[in-house]
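As the structure lists them, so they are numbered: ligands from 1, and atoms in each ligand from 1. Source: prediction; values computed, not measured. Just so you know, these numbers use all the heavy atoms, side chains as well, and skip hydrogens, waters and symmetry mates.
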Amino acid sequence: MDMTLNDEQQAFRDLAREFLDREAIPHRTQWDRDEQVDLAILPQMAEIGFFGLTIPEEYGGLGGDYLTYVLGMEELGRADSALRGIVSVSNGLFGKSVLGFGTPAQKQEWLPQIASGRALGCFGLTEPDTGSDAGNLTSRARKDGDDYVINGQKLFITNGTWAKVALVFARTSDPETQPGPRGVSAFLVPTDTPGFEAREIKGKLGLRGQATAELFLSDVRVPASALLGEEGQGFKIAMTTLDKGRVSVAAGCVGIVQGCLEESVAYATSRTQFGKPLAGFQLVQELISDMSVDADAARLLVWRCADLIDRGEPFGTAASKAKLFASEAAVRAANNAIQVYGGAGYVDEYPAQKYLRDARVMTLYEGTSQIQKLLIGRAETGVNAFV
Ligand code: COS
């Protein structure tokens, strides 16, 4: 694995950091308090290329490699995980599903809008009764002439109330005769389709700046051309896309660890106690040292995934390892950053507590830490603990 960035990758990372230092970091506390980022930042982010990092140039994207993508996600995670989530879901979970499985017409319809930030996409997999057990989702899509009619409910959907289009996973098989993952299909549903309703979920612990929604689909009629991939291919689409999504989450977590490290060093070298800077105390150095090691280790796991993806190699287990380690490291680092800050870490004037609140969901969504461990365990042993 080549550990050096080329000029383009370096330039993108510098551009992203300079932009986010100027346009996001000074505002993130207020956005967090308001429970909404200023949406005016999204077109500016699109101009830099965040929404089309890996979308090919023919669809208006940057056509960048995956290492560039994870560099962008790290910078977003360092600045504000709410922004990272918005991009990861629209460009990542939605865009990559369409890019990987769409027809030329579907790609032409949606990718230019996503890459330019004119439209956001969302990813409707989780339901009230199926989170980890995604293969048993219960939303239904029934064939009716040339159309499909979709009914069901989705939960915890990032971008749900802002999205122009939703990728909705619904069962096309009869749950009595064919339950499980093979009966799931995927549909591209414009959110202004009659019968589609999104309600925002308020009061989240973290990621307060991004919209998270509950989706209600009641006799939502879409043409057969809305089917993404083939009937019954939906679960495979979801899992393939989530493999990459997990790398994206992990990269965002590297940004959280890095942010905690930088903020902790700045605070520990400027605040004095007992007549010397906090940084002069060995127990404070231990906290900072742990963050530094976690940042390096998590970044290496993420870059390995990017390298495998860029070379077209299998990367699913590597993604689970990166996601597991980086998300747990992000919680650890943010918790330790609060310890370095002491009482100041407990108020939102300083970023440590926001890092912790944002980090906490990273061990839950896109596959919990427990799911990642079972996937890694299955890969190592050949024994499937899910059955
Ligand atoms: N890539 C491609 N295909 C995959 C895949 C992957 N990563 N993982 C599974 N599949 C395929 C399998 O090959 C299998 O295909 P066949 O039927 O052709 O053999 C099919 O999908 C079913 O796979 P499996 O038997 O592993 O499904 P399970 O129901 O046991 O589910 C887990 C496995 C639990 C790992 C899966 O449901 C999962 O990842 N859950 C977490 C979901 C999640 O992350 N939710 C959060 C969403 S937040 S957006």
Side-chain angles (χ1 to χ4, degrees), residues 81 84-97 100-101 120-139 154-160 163 166-169 171-173 175 178-186 201 204 207 210-215 228-250 252 305 308-309 312-324 327 360-387:
S81 289
R84 206 273 307 154
I86 296 167
V87 173
S88 273
V89 170
S90 192
N91 173 7
L93 295 184
F94 180 86
K96 290 192 177 82
S97 298
F101 296 92
L120 290 177
C122 68
F123 188 81
L125 179 66
T126 297
E127 298 185 349
D129 292 328
T130 55
S132 293
D133 189 11
N136 277 313
L137 59 82
T138 60
S139 291
K154 299 287 171 182
L155 191 60
F156 302 137
I157 307 304
T158 302
N159 293 343
L167 180 57
V168 174
F169 296 89
R171 181 166 300 287
T172 38
S173 68
Q178 197 193 11
R182 286 185 184 166
V184 174
S185 302
I201 299 167
K204 287 174 294 181
L207 299 184
Q210 73 181 40
T212 305
E214 209 168 346
L215 307 181
L228 185 69
E230 291 164 19
E231 261 196 31
Q233 208 189 1
F235 188 76
K236 206 157 263 193
I237 293 174
M239 290 300 116
T240 306
T241 306
L242 276 173
D243 281 344
K244 285 190 176 161
R246 288 165 186 166
V247 180
S248 182
V249 172
C305 294
L308 289 170
I309 294 170
E313 301 281 336
F315 65 95
T317 308
S320 287
K321 290 180 185 177
K323 202 269 184 186
L324 172 64
S327 61
R360 195 60 192 80
V361 77
M362 308 294 170
T363 70
L364 305 175
Y365 70 0
E366 301 207 25
T368 60
S369 288
Q370 287 71 23
I371 288 286
Q372 307 310 331
K373 285 179 185 174
L374 295 178
L375 286 169
I376 297 162
R378 180 164 81 176
E380 290 289 354
T381 63
V383 178
N384 187 0
F386 298 109
V387 288

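- With a 4.0 Å cut-off on non-hydrogen atoms, Q370 does not touch ligand 1 at all.
- The distance from atom CG of L93 to atom CG of L125, rounded to the nearest 0.5 Å, is 9.5 Å.
- Ligand 1 places these atoms under 4.0 Å from at least one heavy atom of T240: 1 (N), 2 (C).
- Of all atoms in ligand 1, numbered sequentially from 1 with element shown, those under 4.0 Å from a heavy atom of L375 are 35 (C).
- Using a 4.0 Å cut-off between heavy atoms, V387 makes no contact with ligand 1 at all.
- Nearest-residue assignment for atom 31 (O) of ligand 1 (options F123, F156, F235, F315; heavy-atom criterion): F235.
- Neither the backbone nor the side chain of L374 comes within 4.0 Å of ligand 1, counting heavy atoms alone.
- Taking distance alone, with nitrogen or oxygen atoms compared against 3.5 Å, Y365 stays at or beyond that limit from ligand 1.
- Between R182 and ligand 1, a contact under 3.5 Å exists for at least one N or O pair.
- For the pair F386/R378, a side-chain contact is recorded, criterion being any heavy-atom separation below 4.5 Å from C-beta on.
- Contact annotation: for N136 versus ligand 1, there are no heavy atoms closer than 4.0 Å.
- In this structure, atom 41 (C) of ligand 1 has protein heavy atoms in its sub-4.0 angstrom surroundings.
- Considering only heavy atoms from C-beta on, L324 comes within 4.5 Å of I376 through its side chain.
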task = Assess whether salt bridge (charged side-chain N to carboxylate O under 4.0 Å, His left out) is satisfied between E366 and R246, documenting all intermediate values.
result = CA-CA 6 Å; E366 301 207 25; R246 288 165 186 166; 5.9 Å; no
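- The atoms of ligand 1 that sit less than 4.0 Å from any heavy atom of F386 are 30 (O), 34 (C), 35 (C).
- For the ligand labelled ligand 1, residue G131 lies inside the 4.0 Å heavy-atom shell.
- Heavy-atom proximity to atom 36 (C) of ligand 1, evaluated over K323, M239, R246, is greatest for M239.
- When side chains are defined from C-beta on, L364 does not count as touching F156, because their heavy atoms never get closer than 4.5 Å.
- Counting non-hydrogen atoms of other residues, nucleotides and ligands closer than 6.0 Å to CG of D129 gives a total of 12 or fewer.
- Applying the 4.0 Å criterion to heavy atoms of L242 picks out, from ligand 1, the atoms 43 (C), 44 (O).
- Ranking the protein heavy atoms by distance from atom 7 (N) of ligand 1 puts D243 OD2, 2.9 Å first.
- Only side-chain heavy atoms of R378 come within less than 4.0 Å of ligand 1; its backbone N, CA, C and O stay farther off.
- Considering backbone and side-chain N/O atoms, S132 comes within less than 3.5 Å of an N/O atom of ligand 1.
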